[in-house]
Amino acid sequence: DGCAGNCLSTELGWTCVGTDPTTCTTTCGDGLRRGLEACDDGNTTSGDGCAGNCLTTELGWTCVGTDPTTCTTTCGDAHRRGAEVCDDGNTSGGDGCAANCMSIESGWTCSGLDPSTCSPACGDGQLVGAELNAGRCDDGNTNNGDGCSSTCNIEAGYSCSGVPSTCGPT
C-alpha cells in the first residue's frame with residue numbers, strides 16, 4: 001500500500017504524505033508498476049502504449065511486466081499504432097499489409113489507422129488482389145487509350161495478358 005510494514009519508510013514506487021493518516025499514492029512514470037497502475041513504462045507520455053496516468057493500457061497495445069512495463073503494438077487488431085506501417089485487422093499476408101504489420105506488400109497501397117485499408121497499386125506493373133479478376137490489368141502506367149485504363153480495367157476493344165500486362169487490339 002506504499003507504507004512499509006514497520007511504518008518507518010515508504011515502499012519503492014510510492015509517494016506518501018501526511019501523518020494522521022499517511023496517504024500513499026503510486027508514482028506514475030517511475031518504471032515501477034504498483035497499486036492500481038495498469039502499466040508503468042518509465043514515463044508519463046501517452047501514445048506509447050501506457051496512458052500518461054499509468055491507469056490504462058492504450059487501445060492497440062499490449063503491456064506486460066512490472067519494473068518497467070514493456071508495451072508493444074498488437075498487430076492484427078485493426079488499430080495502427082507505434083511503428084506499425086499498416087494494420088488491416090488480421091495477420092494474413094497477401095492482402096496488402098504484411099503479416100507482422102511492419103510493411104506494405106509489393107504491389108499494394110495502404111492508408112488509414114483504424115483499420116488500414118489496402119488496395120492494389122494500379123500502374124505498378126504488378127497484378128495483385130482485385131487486379132487478378134477478369135477484366136483487370138496493370139501495364140505499368142496509368143494512361144488511358146493503351147488497352148489498360150488509368151484504373152487498371154481492360155479498355156473496350158482490347159485484350160491484355162501477362163505481368164506486367166501487355167495489351168493489344170482484339
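For the numbers below, each heavy atom of this structure counts, side chains included, while hydrogens, waters and symmetry mates do not.
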Step by step, work out the side chain to side chain contact (heavy atoms under 4.5 Å, CB included) result for V17 and T22. CA-CA 6 Å; V17 295; T22 300; over 6 Å; no

Stepwise, does the side chain to side chain contact (heavy atoms under 4.5 Å, CB included) test hold for D41 with T70? CA-CA 6 Å; D41 58 359; T70 302; over 6 Å; no

Assess the residue pair T109 and I104 against the criterion (side chain to side chain contact (heavy atoms under 4.5 Å, CB included)); give the C-alpha distance rounded to whole Å, side-chain angles, the decisive distance to 0.1 Å, and a yes or no. CA-CA 7 Å; T109 60; I104 297 172; 5.8 Å; no

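D138 and A121 make their closest contact through OD2-O, 3.2 Å (heavy atoms, listed as atom of the first residue, atom of the second, distance). For the residue pair T151 and C122, the shortest heavy atom distance occurs at C-SG, 3.6 Å. In terms of heavy atoms, E84 sits closest to H79 at OE1-O, 3.0 Å. For S150 against T142, the heavy-atom pair with the smallest separation is CB-O, 3.1 Å.
Between the OG1 atom in T27 and the CH2 atom in W14 there is a gap of 9.0 Å [rounded to 0.5 Å]. Distance CG/N153 to OH/Y158: 14.5 Å, rounded to 0.5 Å. Here CG of L59 is found 7.0 Å from CG of D77. Values are rounded to the nearest 0.5 Å. To the nearest 0.5 Å, atom CG of residue D87 and atom OG1 of residue T73 are 8.0 Å apart. Atom CG in L55 sits 7.0 Å away from atom CD in E37 (nearest 0.5 Å). If you take SG on C160 and CZ on R136, they are separated by 11.5 Å, rounding to the nearest 0.5 Å.
Within the hydrophobic cluster formed by Ile, Leu, Val, Met, Phe, Trp and Tyr side chains joined at under 4.5 Å, directly or through other members, L36 stands alone, with no partner residue.
Contact check for T166 versus D139: no side-chain heavy atoms found under the 4.5 Å cut-off. Side-chain contact between E155 and C148: absent, with no pair of heavy atoms (C-beta onward) separated by less than 4.5 Å.
When the SG-SG distance for C97 and C86 is compared with the 2.5 Å cut-off, it comes out below that value. The SG atoms of C24 and C16 lie less than 2.5 Å from each other.
Paired with R34 under the rule side-chain hydrogen bond (donor to acceptor under 3.5 Å, both in side chains), one option of D1, D67, T25 passes, and it is D67.
Using a 4.0 Å cut-off between charged nitrogen and carboxylate oxygen, R81 and D48 do not count as a salt-bridge pair.
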Less than 3.5 Å apart, which donor and acceptor atoms pair up between the side chains of residues 126-133 and the rest of the protein, not counting sequence neighbours?
unit_1: Q126; atom_1: OE1; unit_2: S106; atom_2: OG; d: 3.0
unit_1: Q126; atom_1: NE2; unit_2: S106; atom_2: OG; d: 3.0
unit_1: E131; atom_1: OE1; unit_2: V128; atom_2: N; d: 3.3
unit_1: N133; atom_1: ND2; unit_2: A130; atom_2: O; d: 3.3

